[in-house]
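Structure first, commentary second.
Quick caveat, the model's predicted, so the values are computed rather than measured.
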2 protein chains.
Amino acid sequence: MVQKRRRGTELTEAIYQATREILENDGLSALTFPKVATAAGTSKPVIYRRWDSPFSLAIAAVQDKIKLENHGRMDELKLTGTSLRADLSQLLQRFIISMNAFGQSYTNTFFNGMSKQQNEVIQKMIDEATAIDISALNQVLKRAKERGELATTEMSNDLKLLPFEWLRYHLFVNENVSRVNLTALIDDVLIPSYQHATGTPK
Amino acid sequence: MVQKRRRGTELTEAIYQATREILENDGLSALTFPKVATAAGTSKPVIYRRWDSPFSLAIAAVQDKIKLENHGRMDELKLTGTSLRADLSQLLQRFIISMNAFGQSYTNTFFNGMSKQQNEVIQKMIDEATAIDISALNQVLKRAKERGELATTEMSNDLKLLPFEWLRYHLFVNENVSRVNLTALIDDVLIPSYQHATGTPK
DNA sequence: TTCATAAGATACTAATAGTTTCTTATTTTA
DNA sequence: TAAAATAAGAAACTATTAGTATCTTATGAA
């Protein structure tokens, strides 16, 4: 019988996929090299040679998925609404999709009881995401100002980040955010707050 | 040499304390019975006899701390403000204190990559907390209505839960919430949203 | 066809989780 | 106060699994 060996991308992809499955089902604490090797149908040395810890493998596997499923980056979003309300809706819908691509399960996996060093890695990821969030929202505000819906675009970052953080929270606790919930957030919280913050009369 | 043995509450407390220290320093994944035994200065069988998994020990240890440090339950809070703004501030300050009592560290420890079953346990804790949050906020709203600050107290639970979720999110990602941030949330988001939701003119 | 590279099998060591048995300190109760 | 019940702790053990070393050989490149 002729034996077949996977290598390169094919093998790596199988390892990442196995890694993600373990992460989703059992979490980071259950992610060990031997388990990954078995799940990926390869042998331990293959894993041990390439990664130095289950944590770094986990990061690599998740980043791989983000890269694969990247439906366009958040800050490259082309806004098409004709109102602040519509733009916000478009942006946040997209945010939800991206988060789901990131994977419900990993989100809280990575807010695990981790070492300080590991936490720094995660912190960096959050900071990067935050910068993108703010720049996306700035776009929305700028367009609203141009339409005359808002007096200025000046407001605190806390306020700009509010919807993203609200959505992430709901992802953390594994709650679904329906379109209805999202619309309510926009109409009942965001728009009134923006108008208030920028001194825009209704 | 006469040997001394701890039992009952004294021993249990030592075990819980050791458990919490491990949780804070190294997270849930590092919490093993042998480590707890050593840290608590007792022997493994003592632990193995009483708990059936590190997870259930962790839950017990954290609940023990909540019980110990319970500065009065959230829904028994006696509001003393003379405005919606002041009441909100009082409630949310208290919420932050309680969360800190719960322990910065455990919060994300328990949003770890856990098994489905473990997640259910956590889910139940969240649901209970949510009920308390809503009832506390209802109090605040009721008082505001009585003062004439709000037209009604009718609004969605999503809106009522917003500040708690916002605060929890910041705890998750280990960001500090200063009094300034909190005040901005109240003035720039909550009050405008409440007024908007209840049709209250400014 | 030969050579270099890397996959994979296998057997091993090390560490540590979990168990069993027994002893004895401490509390209960008669 | 003595006897009995209860539970803590010591110690030695087994089982599991993480991690390593060695060797073979499939696969792609020269």
Can you name the residues that form a side-chain hydrogen bond (donor to acceptor under 3.5 Å, both in side chains) with [X], not counting sequence neighbours?
X: B:Arg179; answer: none
X: A:Glu13; answer: A:Arg20
X: A:Lys160; answer: A:Asn138
X: B:Glu154; answer: none

Grab the [atom1]-[atom2] distance between [X] and [N] for me, whole Å please.
X: A:Lys4; N: D:dT24; atom1: NZ; atom2: C1'; answer: 20 Å
X: B:Phe33; N: C:dT20; atom1: CZ; atom2: P; answer: 15 Å
X: A:Glu10; N: C:dA6; atom1: CD; atom2: P; answer: 16 Å
X: B:Tyr48; N: D:dT14; atom1: OH; atom2: P; answer: 17 Å
X: A:Ile47; N: D:dA18; atom1: CD1; atom2: C1'; answer: 14 Å

If you look only at pairs with a residue in residues 9-32 of chain A, which of them pass as a ring pair (Phe, Tyr, Trp, His ring centres under 6.0 Å), with sequence neighbours excluded?
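Every ring pair (Phe, Tyr, Trp, His ring centres under 6.0 Å) pair that includes a residue of residues 9-32 of chain A, provided the two are not neighbours, is A:Tyr16-A:Trp51.
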Can you name the salt bridge (Lys or Arg N to Asp or Glu O under 4.0 Å) partners of B:Arg147, sequence neighbours left out?
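With sequence neighbours excluded, B:Arg147 shows a salt bridge (Lys or Arg N to Asp or Glu O under 4.0 Å) to B:Asp87, B:Glu149, given in chain and number order.
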Just grab all the side chain to side chain donor-acceptor pair (under 3.5 Å) pairs involving residues 31-45 of chain A, residues at least two apart or on different chains.
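Sorted result for residues 31-45 of chain A: empty, none.
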Given 3.5 Å as the limit, does a donor-acceptor pair link the side chain of A:Thr200 with the main chain of A:Ala151, or not?
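Here the side-chain-to-backbone pair exists.
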Distances for protein N/O vs nucleotides 4-7 of chain D N/O pairs under 3.5 angstrom?
from	atom 1	to	atom 2	distance (Å)
D:dT6	O2	B:Arg7	NH2	3.2

For residues 38-46 of chain B, which residues have at least one heavy atom under 4.0 Å from DNA chain C?
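Listed by number, they are B:Lys44, B:Pro45.
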